[in-house]
Amino acid sequence: MVIVRSFFFNVLFYLNLIGWMLISLPAMLLPRRYIWYFTRGWAKSSAWLLRVVAGTKVEVRGLDNIPKTGCILASKHQSMWETVSLFEYFDQPAVILKRELMFI
């Protein structure tokens, strides 16, 4: 059953991604701040799919500790999922990655 749920989640995740890409394509003509609404919507819909289709519960702790001003967040990267899910909680984050990761 886990393999079936995982398969359906992957198929729906990528269909969801393609759908959001097509919907947000006209937003590329708008100022940058509007693109984040689409990014946040994609992150929320992906979390919903994870919960409903895959049956995985996401628990986020410490949101009250996030300052309203700028801050630096260093993820432990237990998986790629936090990269996607963090867009739901931060307003227009700047993402920094190691150049070597682009070669993988």
Separation of Ile23 CD1 from Ile18 CD1 (nearest 0.5 Å): 12.0 Å

Nearest-0.5 Å distance, CG of residue Leu29 to CD1 of residue Ile35: 9.0 Å

Point-to-point distance, once rounded to the nearest 0.5 Å, from CH2 of Trp20 to NZ of Lys44: 9.5 Å

same_hphob_cluster(Leu25, Tyr14) at 4.5 Å side-chain heavy-atom cutoff: no

Over all atoms of both residues, closest heavy-atom pair of Ala27 and Phe38: CB-CE1, 3.2 Å

Ile3 CD1 to Phe8 CZ distance, which is reported to the nearest 0.5 Å: 13.0 Å

Non-hydrogen side-chain atoms of Leu49 and Asn16 separated by less than 4.5 Å: yes

Shared hydrophobic cluster for Trp36 and Tyr34 (ILVMFWY, side-chain gaps under 4.5 Å): no

Under 3.5 Å donor-acceptor, Ser6 side chain and Val2 backbone: no

Non-hydrogen atoms of Trp42 and Leu17 that approach each other most closely: NE1-CD1, 3.6 Å

Nearest atoms (heavy-atom pairs only) where Ala47 meets Glu88: CB-OE1, 4.0 Å

Gap separating the NZ atom of Lys57 from the CD atom of Glu59, nearest 0.5 angstrom: 5.5 Å

Same apolar cluster: Met21 and Phe13, side chain cutoff 4.5 Å: yes

Straight-line distance of Ser24 OG to Tyr37 OH, nearest 0.5 Å: 15.0 Å

Side chains of Arg51 and Thr56 in contact at under 4.5 Å (non-hydrogen atoms): no

